[in-house]
Amino acid sequence: MTDWQSFSEALAPPVPRRVTVSVRTVRAAIESVLMGYTRVALEVVLADELKLLWTQEDSPSDRSYSKRDLIQAYTEQWTLPQLIGLARTIVAEGYARTGELPALLAEHDRGGGVRTPVKNLIFAANGPKPELVLRDAINNDIEIVKNAEYCLVYDQPLPAEGLTFRHLIEWWRAREALGDQDDRAVGRSLHHRLITSLAGNDAERLIFTAYGERYGKLGFDIPALIPQVYLHYDPYTLRQRGTEIGPLARQRMDFLLLFSDRQRVVIELDGRQHYADDRGYADPSRYAKMMAEDRRLRLAGYEVYRFGGQELAGSGAKATVAAFFDALQAHMG
């Protein structure tokens with residue numbers, strides 16, 4: 001090796017060590033941070049500050065739980081997206097500004113996702129669509145000024161680990177004053193309300209019902225399938241705008257899954273109205289607008305999946321949908 005080579009190598013910046021992001025490494029890094037608290041303080045941090053839900057039959061105050069046992073009991077069988085969400089909260093709240101946990105998050109975020117936080121979740125309208133105004137443009141505060149009674153608004157902070165059906169159940173329990181009913185009864189009530197927003201669309205109901213069966217098999221701690229999520233509201237008709245092109249082609253998403261605060265999956269069902277005009281003839285311009293909107297969502301970090309209406313017309317449609325959700329869950333970690 002020449003002196004020049006030695007000199008060049010000495011000046012070269014060190015190659016950063018790549019960290020492996022997995023359930024094991026993220027869980028270990030989270031435990032490393034939280035183990036620094038006393039047993040008493042850890043109870044408060046996990047329940048009151050990090051807002052974790054206790055799902056065990058006994059109490060977190062049971063002293064048979066060590067600190068590590070307590071952390072693992074709160075996060076038992078969590079998936080990687082759930083652990084990443086918790087890690088993001090821990091870092092954002094100042095529990096771990098430096099060290100392995102921020103490095104793991106930085107490596108995970110190389111994979112993309114939506115960078116901006118969820119501010120407004122308006123969904124499941126079972127009547128006329130809501131009319132919205134931007135009440136405070138600085139803070140992106142939205143107000144529903146008409147037809148609010150027909151839609152649902154999730155008004156809680158979105159958990160960093162995503163929005164599970166259990167989160168929705170707790171929100172619905174408080175909203176409908178169902179405090180004396182168990183989770184399954186509240187879940188059935190919520191499921192019935194959500195499916196009313198899909199009245200008249202058998203294919204969408206099939207997708208929603210097929211996913212609903214997963215709650216019985218996998219439990220309530222999987223991402224909730226949220227129907228009819230409003231993406232934007234345009235107060236003007238095309239005639240009022242004086243153009244055939246509106247600002248955005250899609251006013252709402254058929255379904256949305258929030259695997260974490262950044263991992264968002266949109267599921268769309270393509271009926272004839274997506275590619276044909278009112279007479280049933282192919283409409284290339286309508287199809288092009290839909291594809292342009294898909295590209296916009298993907299570039300913003302969403303994953304978009306489409307079902308053709310014909311896929312859901314046969315006897316094997318439910319199995320097709322179930323297989324897709326199995327593959328999607330594996331893909332998302």
Side-chain angles (χ1 to χ4, degrees), residues 21-24 26-27 30-31 34 43 45-60 65 68-90 108 113 118 121 123-124 152 154 156-175 178-179 181-191 193-194 207-227 229 255-265 267 303 321-322 324-333:
V21 182
S22 66
V23 168
R24 181 185 64 81
V26 177
R27 182 182 291 279
I30 289 172
E31 290 178 0
L34 297 178
E43 280 188 50
V45 168
L46 293 172
D48 297 341
E49 298 180 15
L50 295 178
K51 308 296 184 184
L52 301 191
L53 296 176
W54 182 258
T55 60
Q56 309 299 326
E57 293 183 357
D58 48 10
S59 168
Y65 285 103
R68 193 178 304 277
D69 290 339
L70 187 63
I71 298 167
Q72 292 178 350
Y74 266 107
T75 61
E76 185 179 23
Q77 298 181 349
W78 274 26
T79 63
L80 181 58
Q82 289 175 297
L83 290 170
I84 286 292
L86 176 57
R88 204 180 304 286
T89 300
I90 289 172
H108 176 268
V118 171
L121 191 55
F123 60 104
L152 301 178
Y154 186 77
Q156 302 298 310
L158 183 73
E161 70 272 19
L163 189 62
T164 67
F165 194 57
R166 188 177 299 281
H167 289 127
L168 277 186
I169 284 175
E170 292 307 313
W171 163 77
W172 187 249
R173 185 196 307 280
R175 184 184 187 275
L178 303 175
Q181 299 188 26
D182 62 23
D183 287 352
R184 290 195 174 278
V186 177
R188 284 193 295 269
S189 170
L190 173 59
H191 181 87
R193 168 59 184 85
L194 295 176
I207 292 174
F208 189 73
T209 301
Y211 193 86
E213 293 179 359
R214 300 175 71 81
Y215 302 136
K217 297 176 183 177
L218 303 178
F220 295 155
D221 293 313
I222 62 173
L225 184 65
I226 311 168
V229 179
F255 297 101
L256 178 66
L257 287 153
L258 299 170
F259 281 84
S260 75
D261 59 343
R262 295 197 180 193
Q263 293 176 297
R264 306 177 197 172
V265 171
I267 297 173
E303 292 199 29
V321 174
F324 163 76
F325 282 124
D326 285 341
L328 178 64
Q329 184 69 47
H331 169 64
M332 301 302 290

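R262 has its side chain out of reach of H108: every pair of non-hydrogen atoms, C-beta onward, lies at least 4.5 Å apart. L152 places a side-chain heavy atom less than 4.5 Å from the side chain of R175. The shortest side-chain heavy-atom distance between T209 and V321 does not fall under the 4.5 Å cut-off. In this structure, L256 and F123 have side chains that are not in contact, with every pair of non-hydrogen atoms separated by 4.5 Å or more. You'll find the side chain of L50 reaches within 4.5 Å of the side chain of V45, heavy atoms only. In this structure the side chain of V265 never reaches within 4.5 angstrom of the side chain of F255, judged on heavy atoms. Proximity of L225 to I207: side-chain heavy atoms (C-beta onward) are separated by under 4.5 Å at one or more points.
Remark: the backbone N or O of T75 is paired with a side-chain donor or acceptor of R27 at under 3.5 angstrom.
If you take OH on Y211 and CG on L328, they are separated by 7.5 Å, rounding to the nearest 0.5 Å. Rounding to the nearest 0.5 Å gives a distance of 7.0 Å between CG of L218 and CD of Q329. Taken from CZ in F259 to CG in L163, the straight-line distance is 12.0 Å, to the nearest 0.5 Å. Annotation: the span from S260 atom OG to L158 atom CG amounts to 9.0 Å, rounded to 0.5 Å. Here the CG-NE2 distance, from L53 to H167, works out to 5.0 Å after rounding to the nearest 0.5 Å. Distance check, rounded to the nearest 0.5 Å: OG1 of T164 to CD of E170 gives 9.0 Å.
In terms of the side-chain hydrogen bond (donor to acceptor under 3.5 Å, both in side chains) criterion, residue partners of R166 (sequence neighbours excluded) are, by chain and number, D183, D221. With sequence neighbours excluded, no residue forms a salt bridge (charged side-chain N to carboxylate O under 4.0 Å, His left out) with E49. Residues satisfying the side chain to side chain contact (heavy atoms under 4.5 Å, CB included) criterion with D326, sequence neighbours excluded, are R214. Applying the side chain to side chain contact (heavy atoms under 4.5 Å, CB included) rule to H191 yields the partners I195, F208; only residues at least two apart in sequence or on another chain are considered. Residues passing the side-chain hydrogen bond (donor to acceptor under 3.5 Å, both in side chains) test with R68 are E31, sequence neighbours excluded. Evaluation of the side chain to side chain contact (heavy atoms under 4.5 Å, CB included) rule for A185 yields Q181, D182, R188 as partners, not counting sequence neighbours. With sequence neighbours excluded, the residues forming a side chain to side chain contact (heavy atoms under 4.5 Å, CB included) with Q56 are W54, D58, Y65, A73, E76, listed by chain and number. Residues meeting the salt bridge (charged side-chain N to carboxylate O under 4.0 Å, His left out) test with D69, sequence neighbours left out: none. Residues meeting the salt bridge (charged side-chain N to carboxylate O under 4.0 Å, His left out) test with R264, sequence neighbours left out: none. In this structure, E303 has no salt bridge (charged side-chain N to carboxylate O under 4.0 Å, His left out) partners at least two apart in sequence or on a different chain. Applying the side-chain hydrogen bond (donor to acceptor under 3.5 Å, both in side chains) test to T89 and every residue at least two apart in sequence or in another chain returns nothing. Residues satisfying the side-chain hydrogen bond (donor to acceptor under 3.5 Å, both in side chains) test with S189, not counting sequence neighbours, are W172.
Taking a 6.0 Å sphere around CZ of R193, one finds it holds more than 12 heavy atoms contributed by other residues, nucleotides or ligands. No more than 12 heavy atoms of other residues, nucleotides or ligands lie within 6.0 Å of CD in Q77, so this atom counts as exposed by the packing criterion.
The shortest heavy-atom contact between L257 and A224 is CD2-O, 3.3 Å. The minimum heavy-atom distance linking V23 with L80 is given by the pair CG2-N, 3.8 Å.
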| field | I30 vs W78, side-chain contact (heavy atoms from CB on, under 4.5 Å): CA-CA, chis, key distance, verdict | value | CA-CA 13 Å; I30 289 172; W78 274 26; over 6 Å; no
